Peer 1: 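One structure, pasted below without further comment.
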Number of protein chains: 4
Amino acid sequence: MDLKRIGVFTSGGDSPGMNACIRASTRRAIAEGLEVIGIKRGYAGMIDGDYVEMDRQSVSNILQQGGTILKSARSERFRTPEGRAEAAAKLREAGIDALVAIGGDGTLQGATHLANEHGIAVVGCPGTIDNDLFGTDETIGFDTALNTALDSIDKIRDTADAHDRLFLVEVMGRDTGFIALACGIGGGAELVLIPEMMTDVISIKDRILSLMAAQSRSSIVVVAEGDELGGAHRIRQALAEDPAFDRIDTRVSVLGHIQRGGSPTARDRVLASRLGAAAVEALLEGHDGVMVGIVNNDLKLTPMRNVWARKKDVDYDLLQLTALLS
Amino acid sequence: MDLKRIGVFTSGGDSPGMNACIRASTRRAIAEGLEVIGIKRGYAGMIDGDYVEMDRQSVSNILQQGGTILKSARSERFRTPEGRAEAAAKLREAGIDALVAIGGDGTLQGATHLANEHGIAVVGCPGTIDNDLFGTDETIGFDTALNTALDSIDKIRDTADAHDRLFLVEVMGRDTGFIALACGIGGGAELVLIPEMMTDVISIKDRILSLMAAQSRSSIVVVAEGDELGGAHRIRQALAEDPAFDRIDTRVSVLGHIQRGGSPTARDRVLASRLGAAAVEALLEGHDGVMVGIVNNDLKLTPMRNVWARKKDVDYDLLQLTALLS
Amino acid sequence: MDLKRIGVFTSGGDSPGMNACIRASTRRAIAEGLEVIGIKRGYAGMIDGDYVEMDRQSVSNILQQGGTILKSARSERFRTPEGRAEAAAKLREAGIDALVAIGGDGTLQGATHLANEHGIAVVGCPGTIDNDLFGTDETIGFDTALNTALDSIDKIRDTADAHDRLFLVEVMGRDTGFIALACGIGGGAELVLIPEMMTDVISIKDRILSLMAAQSRSSIVVVAEGDELGGAHRIRQALAEDPAFDRIDTRVSVLGHIQRGGSPTARDRVLASRLGAAAVEALLEGHDGVMVGIVNNDLKLTPMRNVWARKKDVDYDLLQLTALLS
Amino acid sequence: MDLKRIGVFTSGGDSPGMNACIRASTRRAIAEGLEVIGIKRGYAGMIDGDYVEMDRQSVSNILQQGGTILKSARSERFRTPEGRAEAAAKLREAGIDALVAIGGDGTLQGATHLANEHGIAVVGCPGTIDNDLFGTDETIGFDTALNTALDSIDKIRDTADAHDRLFLVEVMGRDTGFIALACGIGGGAELVLIPEMMTDVISIKDRILSLMAAQSRSSIVVVAEGDELGGAHRIRQALAEDPAFDRIDTRVSVLGHIQRGGSPTARDRVLASRLGAAAVEALLEGHDGVMVGIVNNDLKLTPMRNVWARKKDVDYDLLQLTALLS
């Protein structure tokens with residue numbers, strides 16, 4: 001295809017590094033003589049024609065900023081064929097030949113529908129803190145979210161130690177335990193509960209009681225929000241039903257939205273820059289319907305449908321390592 | 001009094017800088033030829049005789065650490081005259097002539113009872129993140145907690161902006177709005193709700209709607225946990241009852257315990273070092289039943305009973321400033 | 001005076017919080033119905049007419065950013081009466097009635113000349129990391145620079161301890177030791193060298209040797225760049241001349257420009273916001289030729305000539321405290 | 001081999017994460033019933049018999065600390081066959097069957113000599129911020145050093161922008177450009193100079209002049225300390241010889257030792273924990289003379305001689321990407 005003008009957008013939950021990715025796509029495209037249109041507020045703005053022309057200056061000084069200058073939004077309309085037809089019409093009207101889509105699996109599914117139904121060329125960049133996309137070893141934002149969560153756990157450890165408390169710390173991860181697992185190892189947690197593993201309340205109780213009964217000490221349990229038992233509050237209730245926990249001062253901390261923001265880490269900036277540039281290169285080479293990722297340190301293209309159809313496994317060895325080291 | 005041996009302890013909620021204060025008291029006392037006993041787990045350990053001898057090395061490399069190496073705990077027994085008699089007996093047995101008590105108003109009240117009932121000399125250091133003690137412009141830990149909360153608000157702003165959301169961010173402050181107010185100014189919040197001011201739901205709604213209806217944008221409301229309407233979750237419910245809020249994507253973030261931990265800021269380290277040393281000097285000069293503080297940049301001794309009897313006001317001008325600048 | 005339009009500018013070395021100050025002045029003025037002109041690149045831009053109209057949006061999302069969106073520059077021309085006449089003419093041409101000047105003593109001196117020679121009303125805000133302005137307990141940027149320096153010293157302590165090294169760490173402070181002193185206390189330094197005190201090489205050597213000869217351990221000496229012996233490199237040379245230092249592994253770290261940048265701390269944001277707003281209020285009340293500051297927690301106006309004519313003393317007690325606690 | 005007692009030590013320049021690695025080796029070994037001896041001050045302490053018994057508590061609360069609790073030191077004696085014979089004798093005397101060596105190539109070379117000459121089993125862990133060891137995609141400490149350097153560059157960007165300055169920022173990397181390259185991408189640097197590429201002063205000048213002459217703006221050049229032209233100060237001199245640079249305000253910042261310290265990032269903690277545990281497992285499986293590493297996300301053993309004999313290449317594509325995106 002002879003590309004002239006591409007659109008760039010972010011959609012779904014924001015993640016740190018999205019701006020670095022927007023910058024890379026924009027500058028990489030301009031360096032090739034392409035025109036770049038920023039589509040505001042994801043699919044909602046795509047339908048509304050909320051478009052803005054981008055030059056090199058538009059993406060100045062955003063590399064280090066969290067959030068997304070193009071904003072993100074939900075769009076119910078885009079979930080309908082009619083909505084997508086509107087979006088495609090608006091894109092055509094604006095002379096946009098191809099898209100760089102930055103976001104998680106919902107974003108990429110939407111893009112695939114758009115491509116299949118209306119022939120819009122699209123290449124995806126994996127932007128989500130959850131790291132749950134097949135086709136890339138890491139997603140943009142994961143490393144930053146992880147460090148934010150870990151920094152919080154370090155702070156909680158201070159106060160847990162001061163009072164010999166049990167803390168249940170809930171981190172993000174609706175379907176996956178990537179953040180929880182790495183926080184468990186990195187924060188020296190006594191236990192990690194993730195959606196990928198059945199959580200057995202009895203063995204949790206035993207483990208905590210055996211640790212905390214023997215000697216006065218603190219313990220930290222990292223809980224992924226998507227654990228099938230429910231989040232940290234639910235688990236606290238389950239523990240509280242056992243009278244043995246009456247004398248254990250138990251607290252809950254839900255880290256929540258702070259994990260989405262903040263200046264991206266070095267790793268996320270480099271990853272986002274590489275992927276943002278690679279997405280444009282892939283479009284120029286005629287690829288379509290693929291996501292760019294890094295697998296074993298190399299750039300790799302994966303058909304979009306595989307990205308959400310195939311499951312990326314956490315490293316189960318890390319679960320065992322947590323138990324051995326804590 | 002001819003001091004030979006002093007005890008140092010922390011009690012109540014921990015705050016960043018307590019370790020710097022322990023270090024300063026210990027080293028200042030040793031430099032004067034005193035012996036120093038660390039009392040573990042606050043009043044609980046005081047009754048149990050959980051004492052440890054301290055030398056210069058005992059407090060090495062703790063200046064920059066959050067939490068408290070002497071730990072803290074609640075003690076129901078100490079709330080009774082019998083418990084305090086036990087504590088006094090244990091202190092006498094260990095040859096402890098005087099105490100440096102580091103903590104908030106509960107800690108200082110306990111110390112005053114001990115002094116009044118059993119003639120134990122005690123000087124207090126204001127250690128609490130809440131900054132709610134009369135007799136010092138700032139308490140040890142306030143500046144660190146404030147920066148931790150503000151750092152979180154900066155991160156939340158990223159994601160609020162990306163989605164044009166309303167965020168209700170709950171910060172610590174059961175009885176006072178010091179953290180909330182400073183976070184409001186420093187975080188560019190649209191509103192700040194504090195226990196010291198009646199919160200009028202109708203005017204809150206008006207303010208938010210007038211800001212967010214006119215244009216798509218984000219807003220942040222900082223809520224002190226002790227606001228008389230209840231915390232952030234309660235306020236969200238109150239807003240949700242109004243149908244005008246149906247189209248405002250509203251989220252709650254409760255920052256919680258992360259505000260207690262972490263390496264103390266420069267300001268808290270200097271404050272804690274000055275106060276910890278000054279407490280020992282006050283004991284050596286024969287003072288008793290006083291808290292050391294910094295008022296208008298100078299060290300000042302305040303009778304303990306005033307510390308909790310008198311109310312330290314927040315700066316109401318800052319409330320108005322928030323509204324003007326946001 | 002009946003103000004209609006004010007100019008805001010930053011000049012001299014930048015400091016964290018300048019943007020928060022620009023934001024506060026701008027929004028405070030707009031809230032009073034004033035027009036606000038941003039003058040770019042300090043006095044250089046004032047002469048060149050490099051002016052930009054500011055509205056509320058112009059200062060959106062800058063509260064948390066280091067540097068200055070209005071930029072800063074040196075201007076040789078402005079040091080001459082002719083240059084200042086040009087500047088005054090350009091200001092009049094642009095209809096600017098009064099100025100908010102944000103910077104250090106050079107900035108405020110320049111503003112005073114402009115006021116005296118051409119009758120331009122001006123109120124100053126103390127923006128410098130050095131904290132060396134009379135009339136305010138703290139300057140905008142000092143707290144941030146201090147925390148940046150201290151964070152670096154914490155990191156250096158890790159590596160110093162690992163190798164039992166002596167580190168000479170140079171921090172900013174051409175004429176004053178405010179940063180050095182607070183870093184000394186906060187970083188647990190063994191020695192602090194500041195311009196305000198004569199540095200006696202012999203006693204430095206004795207102190208270091210007595211500390212490091214007795215046992216293998218690390219030591220940190222904090223050196224203000226303006227120490228009359230010269231910076232850290234010079235002091236290292238002086239030590240190296242003594243053969244007793246042959247077996248002490250000595251390193252130098254000059255922290256340099258990192259101390260000027262970075263997101264401002266909570267304290268600097270609140271200070272900058274209060275002073276930026278207060279400067280506009282002072283202009284509205286008819287004040288002129290004054291600097292706004294915070295003295296003993298209250299806003300205070302100080303005649304500009306006093307700001308640089310009078311010396312603000314460091315707290316010499318802190319020097320002694322460093323020695324006692326390290 | 002039937003292992004009973006292993007020694008763990010760190011040597012060479014310290015790097016963040018060494019403590020996490022010590023902890024993992026120690027606890028992993030204890031979980032297998034082994035005894036663990038900590039050898040203080042690297043090879044110097046190995047010769048001196050500066051040994052300490054380690055239990056699970058010995059490595060408590062060190063996971064998040066920079067530096068190394070076992071300390072590091074240079075040893076001239078160990079460079080001689082006699083010194084190594086002394087070391088081997090002391091190890092045998094202490095009943096140490098095998099070693100976990102944590103450090104860079106000098107450390108691993110020393111360990112190999114010890115193994116070859118005296119039959120001491122040894123497994124190495126790659127601990128160096130430089131990331132220049134073949135056999136692992138990343139070394140322990142690299143990610144932290146990179147983020148520390150990048151954080152400094154972000155701060156310098158603030159002040160560079162405020163004054164439209166050219167900054168030459170020198171980062172660590174005596175022989176390699178790993179840190180420099182990633183900082184270049186992550187910091188949006190205009191140029192990156194690394195030892196692996198010949199630095200052409202003329203083309204550097206052209207690039208800077210073409211960027212900075214056209215419009216007033218800042219530029220950042222990241223220089224690896226080992227660049228063959230010399231460090232940042234030398235390059236500044238080379239630029240200063242050209243009169244075209246008279247009007248470019250050029251500054252140098254040498255980041256230096258701060259890059260070695262600080263609490264390790266999540267990534268470094270996980271890496272160090274995995275490798276520290278894997279080193280013990282390798283010893284138990286009878287491996288010897290190998291380094292554990294992570295290659296393409298999997299644990300891998302590499303013969304030690306390959307670690308320094310083979311060169312690990314930087315990703316040259318990143319150099320080009322820097323130019324395209326800045």
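Atom set for the values below is all heavy atoms of this structure, side chains included, hydrogens, waters and symmetry mates excluded. In what follows, chains are A, B, ... by sequence order, proteins preceding strands, each numbered from 1. Quick caveat: nothing in here was measured; it's all calculated off a predicted structure.
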Peer 1: Give, as side chain, backbone, both or neither, the part of B/Asp298 having an atom under 4.5 angstrom from any heavy atom of chain C.
Peer 2: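 Neither part.
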Peer 1: Which region of C/Asp317, side chain (C-beta onward) or backbone (N, CA, C, O), has a non-hydrogen atom less than 4.5 Å from a non-hydrogen atom of chain B, or is it both or neither?
Peer 2: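 For C/Asp317, neither part sits under 4.5 Å from chain B.
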Peer 1: Name the region of C/Asp268, side chain, backbone, both or neither, that has any atom closer than 4.5 Å to a heavy atom of chain B.
Peer 2: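 Neither part, no heavy atoms under 4.5 Å.
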Peer 1: Below 4.5 Å from any heavy atom of chain B, which atoms of C/Leu318 appear? Answer side chain, backbone, both or neither.
Peer 2: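 Just the side chain, heavy atoms under 4.5 Å.
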Peer 1: Assess the side chains of C/Arg260 and C/Thr148: does a donor N or O sit below 3.5 Å from an acceptor N or O?
Peer 2: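 No, no side-chain donor-acceptor contact under 3.5 Å.
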Peer 1: In terms of heavy-atom proximity below 4.5 Å to chain C, should B/Asp151 be classed as side chain, backbone, both, or neither?
Peer 2: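 Interface part for B/Asp151: neither.
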Peer 1: Is the shortest heavy-atom distance from the side chain of B/Asn296 to the side chain of B/Asp137 under 4.5 Å?
Peer 2: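 Heavy-atom side-chain distance check passes, below 4.5 Å.
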Peer 1: So, C/Ser326 versus C/Arg207: side-chain donor-acceptor pair below 3.5 Å or not?
Peer 2: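 Yes, a side-chain donor-acceptor pair sits under 3.5 Å.
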Peer 1: What part of B/Arg274 lies closer than 4.5 angstrom to a heavy atom of chain C: side chain, backbone, both or neither?
Peer 2: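 Interface part for B/Arg274: both.
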Peer 1: With a 3.5 Å cut-off and no angle check, do the side chains of C/Thr144 and C/Asn147 form a donor-acceptor pair?
Peer 2: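 No, no side-chain donor-acceptor contact under 3.5 Å.
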Peer 1: Picking from B/Gln64, B/Arg157, B/Arg28, which has the most non-hydrogen pairs under 4.5 angstrom with chain C?
Peer 2: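 Top count of heavy-atom pairs under 4.5 Å with chain C: B/Arg28.
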Peer 1: Using non-hydrogen atoms and a 4.5 Å limit, figure out which bit of C/Ala20 sits close to chain B: side chain, backbone, both or neither.
Peer 2: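 Interface part for C/Ala20: neither.
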Peer 1: Please look at B/Glu138 and chain C and tell me whether the side chain, the backbone, both or neither of the residue comes under 4.5 angstrom of a heavy atom of that chain.
Peer 2: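 Side chain of B/Glu138 only, per the 4.5 Å heavy-atom cut-off to chain C.
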Peer 1: So which part of B/Leu321 gets closer than 4.5 Å to some heavy atom of chain C, the side chain, the backbone, both or neither?
Peer 2: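 Just its side chain gets close to chain C.
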Peer 1: At a 4.5 Å cut-off on heavy atoms, which part of C/Ser263 comes close to chain B: side chain, backbone, both, or neither?
Peer 2: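 Side chain only.
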Peer 1: Rounded to the nearest 0.5 Å, what separation is found between the CD1 atom of B/Ile185 and the CG atom of B/Leu325?
Peer 2: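 B/Ile185 CD1 to B/Leu325 CG: 6.0 Å, rounded to 0.5 Å.
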Peer 1: Let me know if C/Leu63 has heavy atoms under 4.5 Å from chain B in its side chain, its backbone, both or neither.
Peer 2: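 It is the side chain, since no backbone atom gets that close.
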Peer 1: In terms of heavy-atom proximity below 4.5 Å to chain B, should C/Asp315 be classed as side chain, backbone, both, or neither?
Peer 2: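 When you check distances to chain B, only side chain atoms of C/Asp315 fall under 4.5 Å.
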Peer 1: Quick one about B/Ser58 and B/Asp55 (side-chain donor to acceptor, distance below 3.5 Å, no hydrogens or angles considered), yes or no?
Peer 2: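 There is such a pair (donor and acceptor under 3.5 Å, judged by atom type) between the side chains of B/Asp55 and B/Ser58.
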Peer 1: Rounded at 0.5 Å granularity, tell me how far CD1 in B/Ile62 sits from SG in B/Cys21.
Peer 2: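 Answer for the CD1-SG pair, B/Ile62 versus B/Cys21, is 10.0 Å.
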Peer 1: Using side-chain heavy atoms (C-beta onward) and a distance below 4.5 Å, is C/Lys311 in contact with C/Thr176?
Peer 2: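 Yes - at least one pair of side-chain heavy atoms lies under 4.5 Å apart.
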Peer 1: What part of C/Ala182 gets closer than 4.5 Å to chain B, counting heavy atoms only: side chain, backbone, both or neither?
Peer 2: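 For C/Ala182, the contact with chain B is made by backbone and side chain together.
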